[in-house]
Undergrad: 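Just dropping this structure here.
All values reported here derive from a predicted model rather than from experimental measurement.
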Amino acid sequence: QWKAWLKELAASSKVLLVVDYAETRQETLLQLLEAALQVLGERAKDGGRRVHVLCLAREGVWWEQLKYLPNCPELMKDWLDGTGNWGSMLLPPWASADRSSAF
């Protein structure tokens, strides 16, 4: 399901997927990332657009554990260990006064 949807989007526009609370959706995220990698491979052959995925999470360890999940495809394990993976970046917490003004 994800692959057909991403392929259609990537054919005509740049794609940025944002997954909020990604640490709570690891199974779905693996499926989405695998589809994105497949679409990227196909699009690279014909000069197609890139697919970017931004994962937002409230925990820091989950990202490194994805490749150890039993249903993590080999393609994903290679990508998680490779240069396509920029890893995680911790953001400093907002002070409570700043948080309310941001919304």
Undergrad: Let me know which of Leu56, Leu32, Leu33 forms a side chain to side chain contact (heavy atoms under 4.5 Å, CB included) with Val19.
TA: Leu32

Undergrad: When you compare the side chain of Leu17 with that of Leu54, does any pair of heavy atoms fall below 4.5 Å?
TA: no

Undergrad: Please table the atom pairs, donor to acceptor, closer than 3.5 Å between any side-chain atom in residues 65-77 and protein atoms at least two apart or in another chain.
TA:
residue, atom, partner, partner atom, Å
Lys67, NZ, Asp81, OD1, 2.5
Asn71, ND2, Glu27, OE1, 2.3

Undergrad: Using the side-chain contact (heavy atoms from CB on, under 4.5 Å) criterion, which residues pair with Ala57? Sequence neighbours excluded.
TA: Glu23, Trp62

Undergrad: Has Thr28 got a side-chain atom pairing as donor or acceptor with Arg25's backbone, closer than 3.5 angstrom?
TA: no

Undergrad: Considering residues at least two apart in sequence or located in another chain, which fulfil the side-chain contact (heavy atoms from CB on, under 4.5 Å) criterion with Gln31?
TA: Trp2

